Structure formats: structure tokens, C-alpha cells
Amino acid sequence: MIAAGLLLLAVGAVDLLRQMVHTRRWLAFTLAAVALVAVSAGLDAVIAGLLAVAVAAIWTWVMPERGPARAGLWPVALLGLTAAACVVIARGRPRPGPLGELWATYRPTDTVSVDVILLVIGCLVFLLESGNAVVRIALRSEMGEREAVQTPPPDAAGSPSVADGAEADGGAGAPRRADDPPADALRAADAPRRAGSDALPAPTEPGDAVSAPSPVLKGGRLIGPLERILVFVLTLAGAYTLIAAVFAAKGIVRFPEISADGKSGNRAEYFLIGSLVSWVTALAAAFLVWWGVNAG
């Protein structure tokens, strides 16, 4: 079980670092790897920690930040099967290493081992940014070339585009329709922000007032992780009625946008694929923890 927790923690941490750190990533990755190996040594699982670091390094190659994944969703499936096998084969230990002894001394209950705690932490970290990556890859794999054409390019600073945030919210940002403004016009209007300049477009007439551009929201990168964590926690708590309410609330909020899709159905398909992949990821993580608790 400790191997599953370290594995998910390593993969989730590397995706978080790729999202938050844009310079000297090698230093951040090195420090994170050293910290993970130190924690695994304190839990008497050094080999599992080293393997988790190696898997995280492979993950960064097969699951790029932008563009199609090199192997589709196969890395996600292999990661899930490996974590499940670790939980089934290696059950929780009562006092694993110095950190296990410390937890056994101060833990509030005798029914939860430190291996289970690390598994929960690993699942939570994985659901944050790695869950977004899984949703993006699923959407791009399903939408095919349409997604590659319709997704706006990243800005000059290398920050994710608005479409990435929409995909992370389970498909909230739908593909471009025929009546939408041309991509060239959108890029021209967005040029001052992408260039990092505070300059505003010049007024067309001497008396025209120049208004500041409206902020670009990237709520999907926050809504998606919060939704998955909420589903994860509610599933472990057995609050299935509240989970159904969360699903229904999201459908109600997105209903006007989906209704405006017309006959193409692209927005509805986009929403359903992203939402289902996000929910399945959270439910699978909750089931993994449930199995570890009951098996340990």
C-alpha cells in the first residue's frame, strides 16, 4: 500500500510543479525527488520511493503539458492498475519505520495506519493537477484534430490557454462554432496581454473612450480539482446523496451553455466526456483508499 501512496504522490507532485514552476524546473524536480526519497526512507520504503521517482520521470515524458499524449490514456490505465496492485498485494503496516513509530504514538485512532494516510495524501495530490491532465488527454483523444485546431495557442509567457482551464473543468469550454469570431481576430485583440504590455488599443475616433480589456478567467483549473476532491471526500464519507446533488448542480449550471449549442451537439459532448472522466478519476481514487482501509 505504501508503494501506491508514493506512486500517486510522486506523479501528482511533478504535475503540480510543472504547473507552478516555469524556471529552473530541474532544481524543483530534484528537491521534490530528494524529499520523496527521504519520506520513503522514514517509512522504511526506500525502494518504493525510488521506483515512484522513476515512474514520475516517465510520466513527464509520456504526458506532455500541451499537445496530444504520446500514448493516449494508456499511461493513466497502467498507473491505476499498478496502484491497485500495490494496494492488493502489500497491505498496510502497523509501524513502518521511524515515521510509522511517530504516527503510532500520536495517532488519534488505532484503525488507520500511516500507510493509509500516505495513500490518501497521494490521491489528493494526484486529483489536483494530474486529474486535469487526464481530462485534457481524454478530450483531445476523443475530439481528435478538431481539438488541436480549435484550441488557442498559449501566451508568450508559457502560461496555459483558456481552453486548458475549460477542459480541466470537465469540458466547460466547448469547441469553436461557425458563428464565432475568427481566430486571427481573437489573437489580434489579445495581443497586448500575450505580449505582456499594458498598452491599450488606440481609439478609432478622437472622442472615443478606451476601456480596459476584461479579465480572462481560468476557473476550470480551480473548479475541476475542487470538484474531484469533493467527490473523493464525499464518497469516502458515504454521502452518496450529496454526490448526486453535486452532479445535478453542475448539469444545471452548464445547461444554458449546452442548450445554446444548437444541432451540432459539440458542447454537450465536450461537457459529458470531460465531466465523466473527471468523476471516474475521483471515484477510482476513493475506491482505492476504501480498499486499502478494508484490506489493511
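Since we're looking at a predicted model, the values are computed, not measured.
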Query raised in the report: Taking atom CE of Met63 and atom CG of Leu73, what is their separation to the nearest 0.5 Å?
Result: 7.0 Å
Report summary line: Tightest non-hydrogen contact, residues Ala282 and Leu127, listed as CA-CD2, 4.0 Å
Report task. Quick one: do Trp74 and Val62 satisfy side-chain contact (heavy atoms from CB on, under 4.5 Å)? Show the steps, please. Result -> CA-CA 10 Å; Trp74 284 107; Val62 298; over 6 Å; no
Query - Path from Ile89 to Leu43 over hydrophobic side-chain contacts below 4.5 Å - result: no
Report task. Provide the closest heavy-atom pair for Ala286 versus Leu236 in the form atom of the first, atom of the second, distance. Result -> O-CD2, 3.4 Å
**Report entry** Heavy-atom side-chain contact between Phe287 and Trp290 under 4.5 Å
**Finding:** yes
Report summary line: One should read off an interatomic distance between Asn132 CG and Glu65 CD, to the nearest 0.5 angstrom, of 12.5 Å
Report summary line: Closest non-hydrogen atoms of Arg18 and Arg25, given as atom of the first, atom of the second and distance, are O-NH2, 2.6 Å
Query raised in the report: Which pair of heavy atoms, one from Cys86 and one from Ala3, lies closest together, and at what distance?
Result: SG-CB, 3.8 Å
Query raised in the report: Taking ILVMFWY side chains as joined if any heavy atoms are under 4.5 angstrom apart, and letting links pass through other members, which residues group with Leu78?
Result: none
Report task. Determine yes or no for a side-chain-to-main-chain donor-acceptor pair under 3.5 angstrom, with Ser275 supplying the side chain and Phe271 the backbone. Result -> yes
Query - Minimum-distance pair of heavy atoms, taken over all atoms of Leu119 and Met1 - result: CD2-CG, 4.0 Å
Query raised in the report: When hydrophobic residues are tied together by side-chain contacts of less than 4.5 Å, even through go-betweens, does Val88 share a cluster with Leu51?
Result: no
Query raised in the report: Are Val21 and Val53 grouped together when hydrophobic residues (ILVMFWY) are joined by side-chain heavy atoms under 4.5 angstrom apart?
Result: yes
Report task. Measure the spacing between CZ of Phe29 and CG of Leu17 and express it to the nearest 0.5 Å. Result -> 5.5 Å
Query raised in the report: Do Arg228 and Pro225 have side-chain heavy atoms sitting under 4.5 Å apart?
Result: yes
**Report entry** Members besides Leu276 in its Ile/Leu/Val/Met/Phe/Trp/Tyr cluster (side-chain heavy atoms under 4.5 Å)
**Finding:** Leu230, Val231, Leu234, Tyr240, Leu242, Ile243, Val246, Phe247, Trp279, Leu283
Query raised in the report: Restricting to pairs with a member in residues 29-52, which pass side chain to side chain donor-acceptor pair (under 3.5 Å), not counting sequence neighbours?
Result: none
Query raised in the report: Does the side chain of Leu288 reach to within under 4.5 Å of the side chain of Leu8, using non-hydrogen atoms?
Result: yes
Query raised in the report: So do Ile2 and Pro96 actually touch side chain to side chain, heavy atoms under 4.5 Å?
Result: no
Query raised in the report: So if you build clusters from Ile, Leu, Val, Met, Phe, Trp, Tyr with side-chain heavy-atom gaps below 4.5 Å, do Leu7 and Ile47 land together?
Result: no
**Report entry** Separation between CD1 of Ile273 and CG of Leu139, rounded to the nearest 0.5 Å
**Finding:** 6.5 Å
Requested in this report: Answer with yes or no whether the hydrophobic clustering places Ile58 together with Leu6; edges join I, L, V, M, F, W, Y residues whose side-chain heavy atoms lie under 4.5 Å apart.
Outcome: yes
**Report entry** Atom pair CG/OG of Leu118 and Ser113 - distance to nearest 0.5 Å
**Finding:** 9.5 Å
Query raised in the report: Is any side-chain heavy atom of Leu124 closer than 4.5 Å to a side-chain heavy atom of Ile229?
Result: yes
Query raised in the report: Could you give the distance from CG (Asp15) to CE (Met20), rounded to the nearest 0.5 Å?
Result: 10.5 Å
Report task. Taking all non-hydrogen atoms of both residues into account, name the closest pair between Ala10 and Leu36 and its distance. Result -> CB-CD2, 3.5 Å
